[in-house]
Structure formats: structure tokens, C-alpha cells
2 protein chains.
Amino acid sequence: MASPMYRQIAEDLRAQIDAGTLEPGRQLQTELELRERYGASRNTVRDAIKLLTALGLVETKPGQGTFVVRKIDPHVTTLTTNPKTGPGGDITQDSGAARSLSDTGKPKVVFSTDPQVEIQKATTLIANALQIAEGSQVISRHQKRSINRTPWAMQTSFYPMGFVLKGADKLLLADDIGVGTVQYLADTLGLRQVGYRDWISVRTPEVTEATFFSLPPDGRVNVFEILRTGFDQTGTPIRLTITVYPTDRNQFIVNVGDVPETLSPDEQQ
Amino acid sequence: MASPMYRQIAEDLRAQIDAGTLEPGRQLQTELELRERYGASRNTVRDAIKLLTALGLVETKPGQGTFVVRKIDPHVTTLTTNPKTGPGGDITQDSGAARSLSDTGKPKVVFSTDPQVEIQKATTLIANALQIAEGSQVISRHQKRSINRTPWAMQTSFYPMGFVLKGADKLLLADDIGVGTVQYLADTLGLRQVGYRDWISVRTPEVTEATFFSLPPDGRVNVFEILRTGFDQTGTPIRLTITVYPTDRNQFIVNVGDVPETLSPDEQQ
DNA sequence: GGGTATTTGTCCGTATGTATT
DNA sequence: AAATACATACGGACAAATACC
């Protein structure tokens, strides 16, 4: 009838966390103290803590102790653009630092690395999205972004190699394209992006992603993967942008139709 | 210098899974066999398996063994509506069964339970979204949905109590409103929903959610939580719909501007 | 249905390593 | 350098779930 002891211990601790007896940031009793308190072995107590860790409620630090996690105040990205101003939809940010204000009034400093440009062969995924032949060459432009020193997103955009041959040679430069690549393609090739499609999924992070975002190696924190395909007036895809965001610090907004201005969606429930 | 043994074992097994030597669905060696193979203790082997479990690569079944996970073919929901046909945006489905075809041609049978109707006091979150006083009464309509017997989503919609007093009394019935609640409110109260805002986040599931979706109790699989606030022509919120979807079997599409018809976004990378 | 073998789950005690203060 | 606290690893025992005869 009874559930395993380690779950009962976890439940008991969880209740205290939920009730606020153990506030965020506060240190739990040490494993040895919990061992005495619950009359269990240290390994059993550790199993309980492991469960709470997997649930994202506590975190352990070697040599220090176990702590109730502080919630990160999330960054909110709006995926839709105002239809009146037209769908630019770059999500792109200049490299270097930029400032803005968060809802709570705290300043947000966004930092983007310079683009890392590569020429690659199109994978099945890329070929499908861009409607080009698998294995044909594509330009890959990769950037990393941080907000207030916290790693926030990794982004890679893919363009058909043909764009460069037709004159958009700045795509190959490992520099920012000041006006944004979408505008640049319009200026040089006359390709107007009239819309885009975002495809949103969640998966466990790759090793490189876990490293950059400082995610725990146990795959507890997942990442959003958003594939944005941009289309021109003929319905032809002109770019594929893949952006990866950790789910523990990112949220998204989608506006459809007539919607009042963003009154802060706050109250992170 | 060397990484812990249990991680090395996990890495080795992972490599075999990635390489395809161990195909999805196939059984791994038993803990005792792995113990001999790697010259480690059973507990160490178990730690390696736990890590792979947390990464979502394998699953263990008591009395049977450990298996490489089969990927669930995901269900894709489009959050945006065609602007030409107008933003209905109900996500709502009649209760009972309905049939449609998936991209792969396999039939999808969607089943929705009858709504469970309750009258509740507005929490801070609900009050903020609906711009009403905290603690004032709201109607709550809750439904559960499955696709091909697989639990797929839990949805709860909230409406201000005033709507009933003004004549929309069907909101209180634990029955489907055939035309959809959005249309029903338009018919009875003249409230036209001209747009909505979706707010997307990911969190660990509640216990009730983990139960309904048959998620592992260790919080490995997270859920999408999508808050949809619908607005009328005056910019006043008329409803709040909260839908919860497990991230392991759901993906979303957002279309902005002019976008060609949904050519299956397939290729689940 | 019952019994048995197999396999994973829980729990214990102990020893040693590593990170932090 | 020493003390503290978590991390890794071992070995053993029994329980619980499942499959098979």
C-alpha cells in the first residue's frame, strides 16, 4: 500500500517547498541530517533528492548543500509581427550589445556574437524546408545570444547557395548585415519575404547546447527548437532559421487578429 | 580527468543507440549482463541507465528489461487561423469521436470528453487575463482529449460569470455547445472575438496531468502550457483557455503573413 | 490458477573521491 | 590544512512485476 520511502520523503519535502516553509534559495538540511530525521539511509535520502532534482524543485552543489531553486524570470519572445508594419520577422539582432527594458523595468542587455558563417551540404531537413536538392550547398550563419550575461538562444540560418551567385555576396561575410538579412535579400535580389511559418517543438539538448546554456548534463531541462521558414511572394522558401531556446528561461507569445497592446503577460503562474 | 564510470557506460550505450546498432524498441542487455560486460557493479550500471532514461533514450519495465524508446509520431497543432476565414481560434473540438487523416495517411480518431463545468473564484492569473477582480466568480469548462486512444491534451476555459447573467446560460451546461463557445457568445451576447493571444511556456506536469497522460513520475517529460486569451472588438478579454499538452507528442505551427499551404512539416529531424 | 525463473525496484551499509568553505 | 557536503562506486538483501510453463 505504502509508496516507497524515498518518494514519501520527496513528497514531504515537496510539501514544505510548495507551502513556502522552504523558500526559494534556501538551503535544505544536509543529507546526514535528513537521514536522521527520516530514519532512512543516506542513499535513500539521496534518491528522494534526486527525484526532486528531476522535478526541477531543488539543486545540489558539491561542498555546499542542497537548495530550493529560484525561478528564473523568463524572457518572452513574440513570434508574430504586427501585420500593419509587415512581416519582417527576423528575430535577428545585431551583434554586439543592445539595451531594452523588461516588463518589470529591469534593464535587459542583449548580446549577440558575430555570425559564424559556413558552407554546408543540405541535410534532409534543410533540403525539405528550402525545397532544394538534398546535398546541395547552403550558407549557414550561426549566432549565439545572451541576455544580461545569461545564455539565451542559439540561432542558425540557412540560405540556398544560389543567392550568393546571384549577387547577395554579403551573406558570406562573418559580419552583421546591418539592415537584417531579410531586408538585404529584398534590396539585392528583390526577394520580398511576405510571410513565414514557425514550427515549434521541444527536445532534449545536444551536448553543445547543454554546454553553452550551462544546462545540467542529465537532460532535465529541455530546449525549444523553432524552425522558421520564410517565403517570398511566389510561395518559394527563401530561408530556414533554426533557433534553440532553453525552456526554463523562455516563453513565447503568438498574436492572431486584432489584439490589444502587450499588457505584460506576467504572473508567471 | 576521466569522467565517472557510469557516464562512460552511458556514453557507450548512447553511441550504439545513435549508430543504430541498438534499434528503437529493442531490448538492452540486462543489468547483470551489462555488469559483467563493463566490469562494474550493478548499481553503477543502473546509474548509467538512469542517465539514459533521463535523456529520454531508453525506458525500463520491471520484470521485463530495458528498451530503446520508440519515437512517438507527434501531433501538430496550428495555432494561427487563416486570416481570410477570420479568427475563430477555438482549438475546441466536439465531445465524442471525430475522424481525420494524419500526414502519413494513418487515420486519427480524436475523442473529447464531455465538458466538466464548475464555478470557481478567479485566481490572480485568471483575473489578470480576463481583467476582472480577483476572487470574482468565473465559469470553468474542462475537457480531456485523446488521439487514437493516446491522451493528448487537457483544456480548461474560463468565462466571466456575467456572461451567464446576460443570457449565455448554456455555458453552465455540461454538454457540448455544438457551434463552439466563441460562436455561441457571438450569437447570444453579440461578442465577436476579433483576435486572440497565445502565451506559450513549458513546465513540469502536475500530478493529475502526469496521471492522465501516463507520464513517468520523475518529471522527465514536460508539458506545454498554452494560455489563449480571446478579445472582442473593444479589446476586452472574453475568455481564457488554458491547454496543456505533453511535449513528447505535440508540436505547433504558427503562420504569419502569406504562407503556402501546409506541406507536411514532417522530417521530425 | 499456481509456481518458478527472470528482471528491475528499493534499501541498506560502507568506502573513497571531489568540490567548497 | 582541515572540515563539510555532495558524488561515485561497491556489494548485498529482499521486494515487486512480468513472463513462461
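Every chain is numbered from 1, with letters handed out A, B, ... down the list of sequences. Note: hydrogens, waters and symmetry copies are ignored here, and every other heavy atom, side chains too, is used.
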Those residues at least two apart in sequence (or on a different chain) that pass salt bridge (charged side-chain N to carboxylate O under 4.0 Å, His left out) with A/Arg14 are A/Asp18

Partner of D/dT18 under the Watson-Crick or G-U wobble criteria, both distances under 3.5 Å, comes out as C/dA5

N/O contacts under 3.5 Å, protein versus nucleotides 9-13 of chain D?
unit_1	atom_1	unit_2	atom_2	d
D/dA9	OP1	B/Met5	N	2.5
D/dA9	OP2	B/Met5	N	3.4
D/dA9	OP2	B/Tyr6	N	3.1
D/dC10	OP2	B/Ser41	N	2.9
D/dC10	OP2	B/Ser41	OG	3.2
D/dC10	OP2	B/Thr44	OG1	2.3
D/dG11	O6	B/Asn43	ND2	2.4

Tested for ring-ring contact (aromatic ring centres under 6.0 Å, His included) against B/His75, the lone hit among B/Phe224, B/Trp152, B/Tyr245 is B/Trp152

note: B/Ile49, atom CD1; C/dT10, atom P; distance rounded to Å ~ 14 Å

note: A/Tyr38, atom OH; C/dT10, atom C1'; distance rounded to Å ~ 18 Å

Residues passing the ring-ring contact (aromatic ring centres under 6.0 Å, His included) test with B/His142, sequence neighbours excluded, are none

Taken to the nearest whole Å, CZ/B/Arg46 to C1'/C/dC12 is 14 Å

To the nearest angstrom, the CG-P distance between A/Leu34 and C/dC12 comes to 13 Å

Sequence neighbours excluded, the answer for salt bridge (charged side-chain N to carboxylate O under 4.0 Å, His left out) partners of B/Arg35 is none

Salt bridge (charged side-chain N to carboxylate O under 4.0 Å, His left out) filter on A/Lys144, not counting sequence neighbours, yields none

Residues 37-53 of chain A vs salt bridge (Lys or Arg N to Asp or Glu O under 4.0 Å), sequence neighbours excluded, gives A/Asp12-A/Arg37, A/Glu31-A/Arg42, A/Glu31-A/Arg46, A/Asp47-A/Lys50

Check your understanding: Within the structure, does a side-chain N or O atom of B/Thr66 lie under 4.0 Å from either OP1 or OP2 of C/dT7?
Key -> no

Note: contacts of residues 51-65 of chain B with DNA chain D (heavy atom, under 4.0 Å) are B/Pro62, B/Gly63, B/Gln64

Residues passing the salt bridge (charged side-chain N to carboxylate O under 4.0 Å, His left out) test with B/Asp218, sequence neighbours excluded, are B/Arg220

So the salt bridge (Lys or Arg N to Asp or Glu O under 4.0 Å) pairs with at least one residue in residues 51-66 of chain A (sequence neighbours excluded) are none

